[in-house]
Colleague: 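First the structure, then my questions, so here it is.
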Amino acid sequence: MVELFRSLLRIVAGLLFMQHGAQKLFGWFGGNAVASWFAFPLGVAGLLEFFGGILILIGLFTRPVAFILAGQMAVAFWWRHYPNGVWPIQNGGEPAVLFCFIFLYLAVVGGGRYGVDGWRKRRR
């Protein structure tokens with residue numbers, strides 16, 4: 001049962017995170033597309049969010065990708081949210097903090113049995 005819910009957490013987090021990237025890169029879901037995908041910081045953030053979110057969603061390279069995305073969310077909080085107030089509820093940084101800790105968790109425990117990483121491990 002734990003494996004199922006770990007995979008469910010990974011899938012939902014990946015799907016939600018990918019949508020943030022889709023807003024930045026393609027203007028989907030009510031977002032505004034950036035002029036260049038490689039523009040710093042929004043284009044780079046969009047690339048990490050969209051493609052990293054897809055990798056998390058399918059459970060491929062979960063540990064290293066989750067570690068990178070946790071770092072991205074930590075930077076997002078301290079760089080963009082913290083200057084607007086100390087508390088996440090005050091500065092709008094709750095999603096960044098939650099994603100950071102979800103991705104840290106996945107970096108430590110992996111994506112679970114029900115993902116590409118789990119499938120590859122079982123095949124060996």
Side-chain angles (χ1 to χ4, degrees):
M1 192 68 134
V2 171
E3 286 291 326
L4 176 65
F5 278 95
R6 181 188 332 165
S7 294
L8 211 60
L9 175 67
R10 175 185 49 76
I11 290 165
V12 170
L15 182 63
L16 293 174
F17 204 64
M18 183 246 352
Q19 292 175 17
H20 284 279
Q23 282 185 313
K24 292 175 182 74
L25 297 179
F26 311 116
W28 297 352
F29 310 113
N32 296 316
V34 294
S36 168
W37 283 13
F38 300 102
F40 187 80
L42 287 181
V44 174
L47 287 170
L48 287 170
E49 291 165 3
F50 185 73
F51 293 106
I54 289 172
L55 290 172
I56 294 292
L57 172 69
I58 65 172
L60 181 60
F61 308 121
T62 304
R63 288 176 188 247
V65 170
F67 183 76
I68 291 166
L69 296 180
Q72 179 202 4
M73 288 295 93
V75 168
F77 177 79
W78 291 107
W79 187 19
R80 295 294 185 193
H81 296 284
Y82 185 78
N84 298 323
V86 174
W87 298 102
I89 191 72
Q90 181 183 29
N91 62 30
E94 306 100 320
V97 172
L98 280 172
F99 275 124
C100 180
F101 280 89
I102 289 170
F103 292 141
L104 276 177
Y105 171 75
L106 292 173
V108 171
V109 300
R113 164 181 193 105
Y114 305 108
V116 177
D117 290 338
W119 174 77
R120 289 172 55 203
K121 185 176 180 180
R122 287 190 307 275
R123 290 212 27 158
R124 278 190 235 143

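Small disclaimer: the values here were computed from a predicted structure and weren't measured.
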Colleague: Would you mind writing out the side-chain donor-acceptor pairs for residues 79-86 within the sub-3.5 Å range, not counting sequence neighbours?
Modeller:
residue: His81; atom: ND1; partner: Asn91; partner atom: O; Å: 3.2
residue: His81; atom: ND1; partner: Gly92; partner atom: O; Å: 3.4
residue: Asn84; atom: ND2; partner: Arg80; partner atom: O; Å: 3.2

Colleague: Do you know which two heavy atoms are closest between Val65 and Gly52, and how far apart they sit?
Modeller: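 Answer, listing the atom of Val65 first, then Gly52: CG1-O, 3.8 Å.
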Colleague: Under 4.5 Å between side-chain heavy atoms, counting indirect links through other Ile/Leu/Val/Met/Phe/Trp/Tyr residues: same cluster for Leu4 and Trp119 or not?
Modeller: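 In one cluster with Leu4: Trp119, no.
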Colleague: To the nearest 0.5 Å, tell me how far Leu48 CG sits from Met73 CE.
Modeller: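 Leu48 CG to Met73 CE: 8.5 Å, rounded to 0.5 Å.
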Colleague: Not counting sequence neighbours, which residues clear side-chain contact (heavy atoms from CB on, under 4.5 Å) with Val12? List them please.
Modeller: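 With sequence neighbours excluded, Val12 shows a side-chain contact (heavy atoms from CB on, under 4.5 Å) to Leu16, given in chain and number order.
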Colleague: Can any side-chain N or O of Glu3 pair as donor or acceptor with the backbone N or O of Arg113 at less than 3.5 Å?
Modeller: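 Flag set: sc Glu3 to bb Arg113 pair under 3.5 Å.
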Colleague: Could you work out, with side chain to side chain donor-acceptor pair (under 3.5 Å) as the rule, every residue matching Gln90, not counting sequence neighbours?
Modeller: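 Residues passing side chain to side chain donor-acceptor pair (under 3.5 Å) with Gln90: none at all.
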Colleague: Hey, mind stepping through Trp37 and Val44 against side chain to side chain contact (heavy atoms under 4.5 Å, CB included) and telling me if it holds?
Modeller: CA-CA 6 Å; Trp37 283 13; Val44 174; over 6 Å; no
Colleague: Evaluate the side-chain proximity of Phe77 to Cys100: yes if any heavy-atom separation is below 4.5 Å, no if none is.
Modeller: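 The answer is no, as the side chains (C-beta and beyond) never meet within the 4.5 Å cut-off.
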Colleague: Compare every heavy atom of Ile11 with every heavy atom of Leu57, then report the nearest pair and how far apart it is.
Modeller: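 For Leu57 and Ile11, the tightest heavy-atom pair comes out as CD1-O, 3.3 Å.
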Colleague: Hey, what else clusters with Val2 if you join Ile, Leu, Val, Met, Phe, Trp, Tyr whenever side-chain heavy atoms sit under 4.5 Å?
Modeller: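 None, because no other hydrophobic side chain comes under 4.5 Å of this residue.
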Colleague: Once side chain to side chain donor-acceptor pair (under 3.5 Å) is applied, what residue pairs with a partner in residues 50-71 remain, sequence neighbours excluded?
Modeller: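 Listed by first then second residue: Thr62-Asp117.
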Colleague: Quick check on the 6.0 Å ring-centre criterion: do Phe101 and Tyr105 meet it?
Modeller: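 No: the rings miss the under 6.0 Å criterion.
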Colleague: With a 3.5 Å cut-off and sequence neighbours excluded, list the donor-acceptor pairs that the side chains of residues 17-29 form with protein atoms.
Modeller:
residue: Gln23; atom: NE2; partner: Phe29; partner atom: O; Å: 3.1
residue: Lys24; atom: NZ; partner: Glu49; partner atom: OE1; Å: 2.8
residue: Lys24; atom: NZ; partner: Glu49; partner atom: OE2; Å: 3.4

Colleague: For the pair Tyr114 and Leu8, evaluate side chain to side chain contact (heavy atoms under 4.5 Å, CB included) and give the outcome as yes or no after the intermediate values.
Modeller: CA-CA 9 Å; Tyr114 305 108; Leu8 211 60; over 6 Å; no
Colleague: Roughly how far, to the nearest 0.5 Å, is the CZ atom of Arg6 from the CG atom of Leu9?
Modeller: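 Reported value, rounded in 0.5 Å steps: 10.0 Å.
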Colleague: In sequence, state the C-alpha distance, the side-chain angles, and the governing distance for Leu69 and Gln72, and then conclude on side chain to side chain contact (heavy atoms under 4.5 Å, CB included).
Modeller: CA-CA 5 Å; Leu69 296 180; Gln72 179 202 4; 3.6 Å; yes
Colleague: Would a hydrophobic clustering, with Ile, Leu, Val, Met, Phe, Trp and Tyr connected at side-chain separations under 4.5 Å, put Val75 with Leu98?
Modeller: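 Per the 4.5 Å side-chain linkage, Val75 and Leu98 are not co-clustered.
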Colleague: Give a yes or no on whether Phe99 and Trp78 share a hydrophobic cluster (residues Ile, Leu, Val, Met, Phe, Trp, Tyr; joining criterion: side-chain heavy atoms under 4.5 Å apart).
Modeller: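 In one cluster: no.
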Colleague: Which atom pair, heavy atoms only, marks the closest approach of Ala13 to Ile102?
Modeller: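 Nearest pair, atom of Ala13 first, then Ile102: CB-CG2, 3.9 Å.
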Colleague: Is it the case that one hydrophobic cluster holds both Phe67 and Phe51, taking links as side-chain heavy atoms less than 4.5 Å apart, direct or via other members?
Modeller: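 Cluster IDs for Phe67 and Phe51 differ.
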Colleague: What distance separates Leu42 CG from Asn32 CG, expressed to the nearest 0.5 Å?
Modeller: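 It comes to 10.0 Å.
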Colleague: Taking all atoms of both residues into account, what is the closest heavy-atom pair of Arg10 and Ile58, and its distance?
Modeller: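 Result for this residue pair: NH1-C, 3.5 Å.
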